[in-house]
Protein chains: 2
Amino acid sequence: MAVTVLLVEDETSVREAVRFHLERSGYVVRACATALEGWESLAGADVVVLDWMLPDEAGIAWLRRLRDSSFAGLPVLMLTARASEMDRVEGLDAGADDYLTKPFSAAELAARVRALLRRSSGERPRGALKVGLLELNLDAGFAAFNSSELHLTRREFDLLAFLAAHPGRVYSRQELLDKVWGVDFIGGERTVDQHITQLRAHLGDEPSEPTYLETVRGKGYRMRADP
Amino acid sequence: MAVTVLLVEDETSVREAVRFHLERSGYVVRACATALEGWESLAGADVVVLDWMLPDEAGIAWLRRLRDSSFAGLPVLMLTARASEMDRVEGLDAGADDYLTKPFSAAELAARVRALLRRSSGERPRGALKVGLLELNLDAGFAAFNSSELHLTRREFDLLAFLAAHPGRVYSRQELLDKVWGVDFIGGERTVDQHITQLRAHLGDEPSEPTYLETVRGKGYRMRADP
DNA sequence: TCTCCCATGACAAAACCATGACGTTTGGCG
DNA sequence: CGCCAAACGTCATGGTTTTGTCATGGGAGA
């Protein structure tokens, strides 16, 4: 559960200062003094804090190599003493996710690391769904039916999105609770029914003649594959 | 900050491949499948990668329109399947800054984008936005509603501009803090609410019946696409 | 120093959601 | 054919979460 930060910094004073601040912010810090040492410590790291000014241009080379390795997706925060535009382009070009110019404050460092983790672990694009006249844009959180916007609540949207993502497949109420509500939800299965009713109202679906949300008696619900 | 590439490409496979390579090179990629969607995503982009072969000659028309708009200075890299001299002349004539013929290598793509950015760095026009009665000039920091000037504070302007640059899309409070306040902002998410309230007062928007700034309960806020 | 801006806590208001109750449908079985 | 029980649909409701807004004090810039 603990988040591990891999720190690659040759200068001892900076390294220890950064380590101190990051540990104080609750991270597990693995500090390395050389590029080689850092490379061998990659496994298990969640985010990398890398000194741009390692000897022999090692910083940029290290980063390029990282982006061609199996750790390519790892977020990298670069530390640099130079703040010119040239360096920025070069650094981003090499694949850094963010930048921090020395000197920096402890709070800023922690905030940037936190932001990187948010970006990497948080939201990746999920794309869009289309079933018949129903359109769902999962990234934008937008739902439309027959080209006019649907105003859905969060539960409604999540439930509809889940069912629409797997058309034709039947899900039991318990499965839906696990997947949409979350496994730690404590409550009755009939809650699902209520939200299905609401969704049907939005879609103009009749329970007896459903075009989209079909009841499978004794099993659960499913989104029809043929709208 | 991060360099944003606007990608307009209708073919999903190509779009995702290009997105992957560009993101791997450290760019923020805003991918659009249609000319219209791309047009609405122009604000804030630093460089455009445009598919020449969009349906209905949309590519060339889009580019010509761009060159007549407030985004005229934006560097544009065109992708094309045809390499004939005719196309090249036509494309450069329409205002493309550079050319790339499919299939192309990831390295070549990144290199060309980089070159374009270098060429245009120094002068970076960001253009103007218009949503309904609301007009924003990002260069001048000028805002107008119903043709009369709005006196917005810096935060208000930045927040409004960001939301207006991506109409229809929902942003969580955390995303807004990251993008508008900056990733190193340390503070509560409710701060966003306060500024939304202020903006609504400026725009005469009611929270219950918003014309512009819409609350998406449990998710965040968004600028309505249809003002 | 003096504004103006901005973040934040507190409280009120609104929306949402789970749930129980009750009516309706379905399918099995005598 | 009719009865019964289980499963499902839907309404109303109270508690809970989320959001709107006011007021306040700190702080940056003029």
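To find a chain, count down the sequence lines: A is the first, B the second, and so on, and within it residues start at 1.
Neither OP1 nor OP2 of C/dC4 sits under 4.0 Å from any side-chain N or O of B/Thr153. A close approach under 4.0 Å does not occur between any side-chain nitrogen or oxygen of A/Trp181 and OP1 or OP2 of C/dC17.
Across all strands, A/Ile186 comes closer than 4.0 Å only to sugar-phosphate atoms, never to a base (heavy-atom distances). As judged by a 4.0 angstrom heavy-atom cut-off over every strand, A/Thr191 is placed among the base-contacting residues. If you check every strand for non-hydrogen atoms under 4.0 Å, A/Val192 touches nothing. Nucleic acid contact for A/Thr197: base, since at least one base atom lies under 4.0 Å from a heavy atom of the residue. A/Arg154 comes within 4.0 angstrom of sugar-phosphate atoms only, judged by non-hydrogen atoms across all strands, and of no base.
Just one residue in the list A/Val47, A/Val5, A/Thr4 forms a side-chain contact (heavy atoms from CB on, under 4.5 Å) with A/Tyr27, and that residue is A/Val5. For the ring pair (Phe, Tyr, Trp, His ring centres under 6.0 Å) criterion with A/Phe162, the lone passing option out of A/Tyr221, A/Tyr171, A/Phe157 is A/Tyr171.
Within the 4.5 Å cutoff, side-chain heavy atoms of A/Trp181 are placed close to those of A/Leu159. At least one side-chain heavy atom of B/Val8 sits under 4.5 Å from a side-chain heavy atom of B/Trp62.
The base of D/dC11 lies close enough to the side chain of A/Gln194 for a donor and an acceptor atom to sit less than 3.5 Å apart. At a cut-off of 3.5 angstrom, counting only N and O atoms as typed in the model, there is a donor on one side and an acceptor on the other between the side-chain of B/Arg217 and the base of D/dT18.
A residue-by-residue look at A/Glu156 and B/His151 shows that B/His151 has its nearest nucleotide of DNA chain C further toward the 5' end. Each of A/Arg190 and B/Arg190 lies near DNA chain C, and the nucleotide nearest B/Arg190 is the one positioned closer to the 5' end.
In this structure, of D/dG20, D/dC8, C/dT19, it is D/dC8 that holds the atom nearest to the side chain of A/Thr215.
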